[in-house]
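Everything numeric in this text was worked out from a predicted model, so none of it was measured.
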Amino acid sequence: MIGRKHPYFPYLEAMLEAAHLAKGIHAYYQAKGFTHGTKSGPTDLVTQADRESEEAIKELLLSRFPEAGFLGEEGGSEGGKALRFIVDPLDGTVNYAHGFPFYGVSLALEVEGKVQVGVVLDTSRDEAFYAVRGEGAFLNGRPIRVTERKELLGSLLATGFPYDVAKDPENLTYFHRALSRGLLVRRPGAAALDLVYVAAGRLEGFWEVKLNPWDVAAGWLIVEEAGGKVTDLEGRPYRLGHRYIVATNGHIHEALIQTLLAQG
């Protein structure tokens with residue numbers, strides 16, 4: 001556990017509190033029922049829980065740290081960028097709307113362009129994954145590490161797809177290459193959880209195309225602090241906002257990229 005004297009501990013503490021606040025909102029609407037609308041298309045859903053979770057998170061964090069900026073999936077960006085929170089209040093909204101228990105909340109603290117604290121809470125399982133740069137990664141207070149598996153074949157992988165695959169089919173090519181070579185691939189539907197599952201050793205790898213900063217900022221740090229590797233599809237160090245992300249235990253990284261880019 002990160003010590004109370006660490007300079008980022010107050011941020012971590014507040015972010016965990018905010019994540020659990022969002023969890024309560026998720027649970028409330030699951031029990032009460034909710035209405036939903038759409039954003040970019042008929043399968044890109046947004047619910048009352050998304051909006052109210054983000055407002056609650058923003059209110060809590062900015063009341064504690066009024067100097068910080070805020071970037072949220074639902075409300076966009078406000079304030080400065082030298083110190084800002086990057087938040088997805090409900091990652092896996094489609095899963096949530098259907099009662100499929102794979103969704104959560106993702107919060108990252110970015111300082112001078114570098115993510116320093118990450119929290120991802122699996123709200124249906126009450127599993128809090130978190131990391132502070134240089135201090136390791138944790139699940140409910142216990143250290144976590146990526147797996148030691150070195151063979152790509154037999155590794156468990158995850159990926160995801162855009163809401164309208166017909167208009168944006170790029171990842172179908174990578175998905176087909178992986179499946180045609182006998183790889184084990186799942187599509188759970190919440191990138192933040194996919195990433196922390198790599199960190200916790202439940203997956204060996206994950207890749208996706210065209211994710212947003214709030215989808216990956218926290219999970220990216222947690223994977224690296226758990227001993228994993230995160231790059232773009234060319235193997236270059238990942239940058240927030242890059243359109244490709246590949247996260248693995250490190251051992252299978254190059255083999256996975258070669259498979260995804262293989263021709264024929």
Side-chain angles (χ1 to χ4, degrees), residues 43-45 88 90-106 118 120-129 137 139 144-166 168-212 214-216 218-220 222-224 226-233 238 243-262:
T43 60
D44 185 5
L45 304 183
D88 189 338
L90 179 45
D91 186 44
T93 299
V94 173
N95 290 347
Y96 177 82
H98 288 268
F100 185 76
F102 195 80
Y103 51 85
V105 55
S106 174
V120 175
L121 178 64
D122 183 334
T123 60
S124 66
R125 295 176 178 80
D126 197 25
E127 290 188 328
F129 303 82
L139 166 55
I144 54 175
R145 293 287 297 178
V146 295
T147 72
E148 292 297 324
R149 177 179 283 276
K150 295 178 172 58
E151 301 80 21
L152 180 59
L153 193 63
S155 291
L156 188 60
L157 311 171
T159 191
F161 296 92
Y163 291 106
D164 191 340
V165 178
D168 195 1
E170 181 178 6
N171 198 33
L172 285 177
T173 300
Y174 304 134
F175 185 62
H176 179 264
R177 288 171 182 164
L179 290 185
S180 67
R181 288 160 175 80
L183 302 188
L184 304 173
V185 186
R186 303 291 182 262
R187 197 271 195 225
L193 292 182
D194 291 335
L195 284 163
V196 296
Y197 272 34
V198 173
R202 298 173 182 176
L203 296 167
E204 270 75 40
F206 164 74
W207 85 88
E208 198 164 338
V209 176
K210 297 182 180 177
L211 291 172
N212 295 299
W214 50 78
D215 297 312
V216 301
W220 167 29
I222 294 169
V223 170
E224 290 190 336
K229 185 173 183 178
V230 185
T231 71
D232 65 13
L233 198 56
Y238 182 73
R243 65 194 304 269
Y244 300 100
I245 188 169
V246 181
T248 73
N249 66 358
H251 300 296
I252 66 164
H253 204 89
E254 297 307 320
L256 176 57
I257 288 176
Q258 289 173 11
T259 297
L260 298 177
L261 297 180

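Looking only at distances, no side-chain donor or acceptor of Asp122 sits under 3.5 Å from a matching main-chain atom of Leu193. Side chain of Arg202 to main chain of Val196: no donor-acceptor pair is present (N/O by atom type, distance under 3.5 Å, no hydrogens or angles). With hydrogens and angles disregarded, no donor-acceptor distance shorter than 3.5 Å links the side chain of Asn212 to the backbone of Trp214. Judged by distance alone, the side chain of Arg177 and the main-chain N or O of Ala262 form a donor-acceptor pair under 3.5 Å. At least one donor-acceptor pair under 3.5 Å links the side chain of Asp91 to the backbone N or O of Ala192. The backbone N or O of Pro188 lies less than 3.5 Å from a partner atom in the side chain of Asn95, making a donor-acceptor pair. In this structure a side-chain-to-backbone donor-acceptor pair under 3.5 Å is missing from Glu204 to Leu157.
Looking at Ile222 and Leu195, their side chains never come closer than 4.5 Å, going by heavy atoms from C-beta outward. Side-chain contact between Tyr174 and Leu261: present, with at least one pair of heavy atoms (C-beta onward) separated by less than 4.5 Å. The side-chain heavy atoms of Tyr96 and Thr123, taken from C-beta on, include no pair separated by under 4.5 Å. Side-chain contact between Phe206 and Arg186 is absent, with no heavy atoms from C-beta onward closer than 4.5 Å.
Atom CD1 of Ile257 and atom OG1 of Thr259 lie 10.0 Å apart (nearest 0.5 Å). A distance of 8.0 Å separates OG of Ser106 from CG of Asp215, quoted to the nearest 0.5 Å. Atom CG in Leu211 sits 10.5 Å away from atom CG in Asp88 (nearest 0.5 Å). Annotation: the span from Leu121 atom CG to Tyr103 atom OH amounts to 10.5 Å, rounded to 0.5 Å.
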Discussion item. Under the criterion side chain to side chain contact (heavy atoms under 4.5 Å, CB included), I'd like the reasoning laid out for Tyr244 against Glu170: C-alpha separation, chi angles, the key distance, then a yes or no.
Written reply: CA-CA 11 Å; Tyr244 300 100; Glu170 181 178 6; 2.4 Å; yes

Item to complete: Please assess Leu256 against Val246 for the test side chain to side chain contact (heavy atoms under 4.5 Å, CB included), listing each intermediate value before the final yes or no.
Response: CA-CA 9 Å; Leu256 176 57; Val246 181; 3.9 Å; yes

Practice prompt. Start with the C-alpha gap between Tyr238 and Lys229, add the side-chain angles, then the distance that decides, and say whether side chain to side chain contact (heavy atoms under 4.5 Å, CB included) holds.
Written response: CA-CA 9 Å; Tyr238 182 73; Lys229 185 173 183 178; over 6 Å; no

Item to complete: Report the C-alpha distance between His251 and Glu148 in whole Å, list the side-chain angles of each, state the deciding distance to 0.1 Å, and finish with yes or no for side chain to side chain contact (heavy atoms under 4.5 Å, CB included).
Response: CA-CA 7 Å; His251 300 296; Glu148 292 297 324; 3.0 Å; yes

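Between Ala191 and Glu208 the shortest heavy-atom distance is CB-OE1, 4.0 Å. The two residues Leu153 and Arg149 come nearest to each other via the heavy atoms O-NH1, 4.0 Å. Contact detail for Ser155 and Glu151: the closest heavy-atom pair is OG-O, 2.6 Å. Of all heavy-atom pairs spanning Ala218 and Val120, the tightest one is CB-CG2, 3.8 Å. Heavy-atom minimum distance, Ala199 versus Ala226: O-CB, 3.5 Å.
Asn171 and Trp207 share a side-chain donor-acceptor pair at under 3.5 Å.
The one candidate from Asp194, Ile245, Val230, Thr248 that meets the side chain to side chain contact (heavy atoms under 4.5 Å, CB included) condition with Val223 is Val230.
In this pair, Tyr197 and Phe129 present their aromatic rings tilted. The plane angle is within the 30 to 60° band.
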